Participant: 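Below is a structure I'd like to ask you about.
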2 protein chains.
Amino acid sequence: MTTTPRTRLSPEQRREQLLDLGVRLLAHRSLDELSIDLLAEEAGISRGLLYHYFGSKQAFHEAVVRHAADDLIAQTTPPTDGEPLVRLMTSLTAYVDYVVANHEGYVSLVRAAAGGNESLRAIYEDARSSLNSRAFREDLRGEVVADTPANRLVVRAWSAMAEDAVLTWIDDPHGMTQEDLIGFLVASLPAVIAVTPEG
Amino acid sequence: MTTTPRTRLSPEQRREQLLDLGVRLLAHRSLDELSIDLLAEEAGISRGLLYHYFGSKQAFHEAVVRHAADDLIAQTTPPTDGEPLVRLMTSLTAYVDYVVANHEGYVSLVRAAAGGNESLRAIYEDARSSLNSRAFREDLRGEVVADTPANRLVVRAWSAMAEDAVLTWIDDPHGMTQEDLIGFLVASLPAVIAVTPEG
DNA sequence: TCACTCTATTGACGGTCGTTCAATAGCGCC
DNA sequence: GGCGCTATTGAACGACCGTCAATAGAGTGA
């Protein structure tokens, strides 16, 4: 038992350390397997310190999910110019690349959000609509996708399809290359918009 | 404190009672808010009895989710004849009707499965592929959807889109009628299949 | 009607984990 | 080199999961 003597960090450093560790541990565990005990031990601190910084397990989980979601947003920078469908393809490629590179972490993020409470889902929804708005609200509006209520529902549903397709493809490519996958995703958006009831 | 005297039921009756209660409570709670304590109190029994019947909290959760999934399958009987796309529409209508009628319960089911462990997800996947196979594997194969690996991935992704669309629509119809929604879902399947890379 | 048996059911106990809070000890400052 | 601020600790409490020997309800036979 090598009990490290207490090390005193600045609040910013400590917060960052705990959030990074939380995201890292989340990659190989579900959210409720991410206990305060486990994290405190991994970080070499007492349980009490986590409560000093985050107040509750719930709040800590929210902070970890937000941290992971921010990472996703940051690492998939939006294209700023070019043809609408090309921008969409660029955006989707960045997304697929990110999911491929952070497979376990991304799956944990999605599951944590889907199975979590209102707050966790809201955080994930924010990230998702942020990804969507990059591709549609600013770029494709009025070009590929008219901004109608029905189309908003359809675009949201389409992004659920895209997420499922990417995660399924990673587990088993079904004979498709990454280009096939992205090509399908890009083409499917106008395809489903075309069959949307008039809005 | 009115402590009811112990009532002795047959194992079948007791099991049924506990599962029904579990599904009913799940409608207004997440799965990990469904504690053994809570359920035992609601059922008017001791915690020990739940362990006698289900062995563990995990096993009880699985039984509840399976019970709810079976209910979904049972209440959405498959069409047996007619044109392929008509059968698809009938099947989707039954699905949408079910989700509308059991909104809270269905949402809890989906969230429990998505946020749960391997076993819970497997149960939900079974139910989902059972719904899918009704509409595609037996009916549409070779007619609307050729049975290729890529198409399997696409059909799976399409069903994720359908689920998201229905749940979003229930919260906010976005100006769409139920016929609009179902029409969109029916039309979107051939639409996305049409842009699937050759398999 | 009364044992008697079978087993459905209980309640108390041990362990894990989330949460609180008064006490402790690093680190910068004078 | 001492002092004060505050980052950090660890013990204590409650809620909940899981176990098991003891208990009591209900049918059965006389």
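Computed over heavy atoms, backbone and side chain alike; hydrogens, waters and symmetry mates excluded. Chain letters run A, B, ... following the sequence lines, proteins first, then strands; residues in each count from 1. Given the structure is predicted, the values throughout are model-derived calculations rather than measurements.
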Participant: Specify the residues of residues 56-66 of chain B, ordered by number, for which at least one heavy atom lies under 4.0 angstrom from an atom of DNA chain D.
Facilitator: B:Ser56, B:Lys57
Participant: Is there a residue in residues 114-123 of chain A whose heavy atoms reach under 4.0 Å of DNA chain C, and which residues are they?
Facilitator: none
Participant: Flag the pair B:Phe54 / B:Leu19 as yes when at least one side-chain heavy-atom distance between them is below 4.5 Å, and no otherwise.
Facilitator: yes
Participant: Specify the separation, in whole Å, of atom CD of B:Glu41 and atom C1' of D:dC16.
Facilitator: 13 Å
Participant: Strictly below 4.0 Å, heavy-atom distances to any atom of DNA chain C: list the hits from residues 31-38 of chain B, or just say none.
Facilitator: none
Participant: Quick check on DNA chain D: between A:Leu9 and B:Leu49, whose nearest nucleotide comes earlier from the 5' end?
Facilitator: A:Leu9
Participant: Without decimals, in angstroms, what is the distance between A:Arg14 CZ and C:dC27 C1'?
Facilitator: 14 Å
Participant: Who passes salt bridge (charged side-chain N to carboxylate O under 4.0 Å, His left out) against B:Glu42, sequence neighbours left out?
Facilitator: none
Participant: Using a 4.0 Å heavy-atom cut-off across all strands, classify B:Phe54 as base, sugar-phosphate, or nothing.
Facilitator: nothing
Participant: Select base, sugar-phosphate, or nothing to describe what B:Thr7 touches, counting heavy atoms under 4.0 Å on all strands.
Facilitator: sugar-phosphate
Participant: Do you know which two heavy atoms are closest between B:Val65 and B:Ala112, and how far apart they sit?
Facilitator: CG2-CB, 4.3 Å
Participant: Which pairs, with at least one residue in residues 89-114 of chain A and sequence neighbours excluded, count as a salt bridge (Lys or Arg N to Asp or Glu O under 4.0 Å)?
Facilitator: none
Participant: Side-chain contact, heavy-atom cut-off 4.5 Å: A:Ile193 with A:Trp158?
Facilitator: no
Participant: Would you indicate which nucleotide in C:dG11, D:dA7, D:dA24 comes nearest to any side-chain atom of A:Tyr53?
Facilitator: D:dA7
Participant: If a pair satisfies salt bridge (Lys or Arg N to Asp or Glu O under 4.0 Å) and one of its residues is in residues 43-72 of chain A, list it, with sequence neighbours excluded.
Facilitator: A:Asp37-A:Arg47
Participant: Can you see which heavy atom on B:Ala165 is nearest to which on B:Leu185, and at what distance?
Facilitator: CB-CD2, 4.2 Å
Participant: Measure CZ/A:Arg15 against C1'/D:dT8 and give the value in whole Å, please.
Facilitator: 17 Å
Participant: Please write out the pairs of protein N or O atoms and N or O atoms of nucleotides 28-30 of chain C separated by less than 3.5 Å, giving the distance to one decimal.
Facilitator:
none

Participant: Taking only residues two or more places apart in sequence, or in another chain, which ones meet A:Arg121 in a salt bridge (charged side-chain N to carboxylate O under 4.0 Å, His left out)?
Facilitator: A:Glu118
Participant: Answer whether the closest heavy-atom distance between the side chains of B:Val64 and B:Leu25 falls below 4.5 Å.
Facilitator: no
Participant: CG/A:Leu109 to CG/A:Leu26 distance, rounded to the nearest 0.5 angstrom?
Facilitator: 7.5 Å
Participant: Looking only at the side chain of B:Arg6 (C-beta and beyond, no hydrogens), which of the listed nucleotides C:dA25, C:dA8, C:dG11 gets closest?
Facilitator: C:dA8
Participant: Measure the spacing between CE of B:Met161 and CG of B:Leu189 and express it to the nearest 0.5 Å.
Facilitator: 8.0 Å
Participant: Summarise protein proximity over nucleotides 1-7 of chain C in one line of letters, 5' to 3': B for base, S for sugar-phosphate only, - for none, counting protein heavy atoms closer than 4.0 Å.
Facilitator: -----BB
Participant: If a pair satisfies side chain to side chain donor-acceptor pair (under 3.5 Å) and one of its residues is in residues 160-170 of chain B, list it, with sequence neighbours excluded.
Facilitator: A:Arg128-B:Asp164, A:Arg156-B:Asp164, A:Arg156-B:Thr168, B:Tyr106-B:Glu163, B:Tyr124-B:Glu163, B:Asp164-B:Thr168
Participant: To the nearest 0.5 Å, what is the distance between CD (A:Glu125) and OG (A:Ser129)?
Facilitator: 7.5 Å
Participant: Take atom CD in A:Glu41; do more than 12 heavy atoms of anything else shown fall under 6.0 Å from it?
Facilitator: no
Participant: What is the distance, to the nearest angstrom, from the CD atom on A:Gln13 to the C1' atom on D:dT6?
Facilitator: 15 Å
Participant: Does anything in residues 10-30 of chain A pair up under salt bridge (Lys or Arg N to Asp or Glu O under 4.0 Å), and if so which pairs, sequence neighbours excluded?
Facilitator: none
Participant: Taking all non-hydrogen atoms of both residues into account, name the closest pair between A:Ala94 and A:Thr76 and its distance.
Facilitator: O-CG2, 3.6 Å
Participant: Enumerate the protein-to-nucleotides 11-13 of chain D contacts in which both atoms are nitrogen or oxygen and the separation is below 3.5 Å.
Facilitator:
none

Participant: Might you point out which heavy atoms bring B:Ala146 and B:Asn151 nearest each other, and give the distance in Å?
Facilitator: O-ND2, 2.8 Å
Participant: Determine, stepwise, if the pair B:Asn117 / B:Gln58 fulfils side chain to side chain donor-acceptor pair (under 3.5 Å).
Facilitator: CA-CA 9 Å; B:Asn117 63 7; B:Gln58 183 55 230; 3.0 Å; yes
Participant: Please give, in whole Å, the distance from D:dG25 P to B:Ile45 CD1?
Facilitator: 16 Å
Participant: Looking at CD1 of B:Ile36 and OG of B:Ser56, how far apart are the two atoms once the value is rounded to the nearest 0.5 Å?
Facilitator: 8.0 Å
Participant: Nearest whole Å is fine: how far is C:dA12 P from B:Tyr51 OH?
Facilitator: 17 Å
